[in-house]
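Keep in mind that what you see is a predicted model, and the values were worked out from it rather than measured. Order of the sequence lines sets the chain letters (A, B, ...), proteins ahead of strands, with each chain counted from 1.
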Protein chains: 2
Amino acid sequence: MTMTIDHALGRKLERFARLSEEDHRALRRLREAPLREVEPRADLIAEGDEPAVVRLSESGWACRYKHLPNGRRQIVGLFVPGDFCDLNVYILRHLDHSIGAISKVRYYALPPHMIEELVHDRPRIGKALLWNELVQASIQREWLLTLGQRNARERLANLFVEMFHRVRSIGLAGDGKFEFPLTQTDLADTTGMTPVHTNRTIQELRQEGLIDMDRRHLGICDLAALSRLAMFNAGYLHLDREGETLDAAN
Amino acid sequence: MTMTIDHALGRKLERFARLSEEDHRALRRLREAPLREVEPRADLIAEGDEPAVVRLSESGWACRYKHLPNGRRQIVGLFVPGDFCDLNVYILRHLDHSIGAISKVRYYALPPHMIEELVHDRPRIGKALLWNELVQASIQREWLLTLGQRNARERLANLFVEMFHRVRSIGLAGDGKFEFPLTQTDLADTTGMTPVHTNRTIQELRQEGLIDMDRRHLGICDLAALSRLAMFNAGYLHLDREGETLDAAN
DNA sequence: CGCGCCGTTGATCCCGGTCAAGTTGCGTGG
DNA sequence: CCACGCAACTTGACCGGGATCAACGGCGCG
């Protein structure tokens, strides 16, 4: 079951500001941009490239990652449908990281002027986009906390709970079970651990009845316990409808 | 030796866009905002507070940090003079982290409308500020790479080289020696290690003739070797004058 | 002059890394 | 329909970087 991207995106942005019918129309117009498709494991854009377009994910999962010269890889961000991969980075001359597809990804390649016009014509959307970027930055800070201070079980637990909330917020995980296409190696590169230890830790969580995970699905069996283990603090996702005040009627 | 903040800030922003005399005048006017002072170890703002002003650091070092319920602390960002602590976060309802002073910090408390007017009146400054935020985000990504994939020596080496470049870019470290007020405990909270291991690792780097560090100064003795050890890749700081094109004359 | 923070040192432990082999499952082609 | 191949997952044995626990020394400050 797929959903149109302006739907997922609109749904996300509405967490910050209630959008008018006109706003939603403007978002739907983003679908006029070319739709591109990349296979799993392929790059959307690689480090050093000059970013020319803004990528808006339509379906599939992708990740932002960086390499060290010794070959080690760190995933520094995950994208689900409705996420902008690089809303602003076209400002920078060269990209300092790469973006790769995890599952098959389809995305809209928006020319920067399209964003600039959208922000100009629909200031409430512009503000919501800024808010969205701030949430992304907040997630990055939480990931720093995770890598610096959480142990193996806490790292995985926190990632699972976060992604559950993020996927649910776009309406794709109502029942606690959702598509989760990361391999254990991807998980290892995300949590800064080895694949072997990632595997063993996942098995622990499984045996304790906290999660139910197969090759491409993740089930959260005991959200409360998992959140407690992770020391999950929902605040950083800013899930509460912060922008009740910023109403379309105003 | 202190320097006026608009000087440090202007210098930084000019890495992206050449500013006109009018632009510089507008930056200088930021100094009309109230100047506040906080003692070392005190907070500028704490998690959960409602951010009401934009803080522009004038002198001293500060850090952004997060706590886990078990008491562990992670520093997720460092601020030197001329840095905005939270250019945009007043958009968010509640702060998801705290900002604390490391040395004595003086900062301008800018009302949000002052920034909004500045960005509106001087679009080139607005664009330079956006660029500056993107560089901050890039630094966060590199820190994720550090915490996930670098070992103890590499972590410290990378931090030292990064801060050297950042301090030099505001004109405070011409000779490779500069003020560095972090305690070893602060360093431990930044690198995700224990104070004990931080201490031992610093001693290694000292004995190898890479650094020269006393209670509040850091000297980079062998920048090339330290950069190599850290696998430092200057790209993420976007130090090259990226915005030659965005000239004030245009 | 004494208290507290910071840096230093030593002894010991353990979480997670490393190395090395399987095993399972799925897509591909004969 | 089966054989093959590859990628992902699993398991076991061992190792080691960094954590932990516990003192102690130095220096800045009241």
- NE2 (His165(A)) and CG (Leu223(A)) are apart, to the nearest 0.5 Å, by 5.5 Å
- Atom CD1 of Ile211(B) and atom CG of Leu156(B): how far apart are they, to the nearest 0.5 Å? 7.5 Å
- Item | B/S/- contact track for nucleotides 4-19 of chain D, protein heavy atom under 4.0 Å | ----SSBBBB----BS
- Message: Just checking Arg206(A): does its CZ atom have more than 12 heavy atoms from other residues, nucleotides or ligands closer to it than 6.0 angstrom?
- Response: yes
- Could you pull out the closest heavy-atom pair between Asp49(B) and Pro51(B), with the gap in Å? O-CD, 3.4 Å
- Item | Under-4.0 Å salt bridge between Arg150(B) and Glu142(B) | yes
- Query: Got a salt bridge between Glu208(B) and Arg153(B), using NZ or NE/NH1/NH2 to carboxylate O under 4.0 Å?
  - Reply: yes
Output a table of donor-acceptor pairs, distance under 3.5 Å, between side-chain atoms of residues 170-182 of chain B and any protein atom two or more places apart or on a different chain; print 'none' if there are none.
unit_1	atom_1	unit_2	atom_2	d
Asp175(B)	OD1	Lys177(B)	N	3.3
Lys177(B)	NZ	Asp212(B)	OD2	3.4

- With sequence neighbours excluded, residues passing side chain to side chain donor-acceptor pair (under 3.5 Å) with Ser98(A): none
- Item | Contacts of Asn88(A) that satisfy side chain to side chain donor-acceptor pair (under 3.5 Å) - sequence neighbours left out | none
- Query: Salt bridge or not for Arg64(B) and Asp86(B), using N-O below 4.0 Å?
  - Reply: no
- Between the axis at one end of the helix from dC1(C)-dG30(D) to dG30(C)-dC1(D) and the axis at the other (five pairs apiece), what's the angle to 10 degrees? 40°
- Query: From the 5' end of DNA chain C to its 3' end, which nucleotides mark the outer limits of contact with chain A, defined by a 4.0 Å heavy-atom distance cut-off (strictly under)?
  - Reply: dG16(C) to dC19(C)
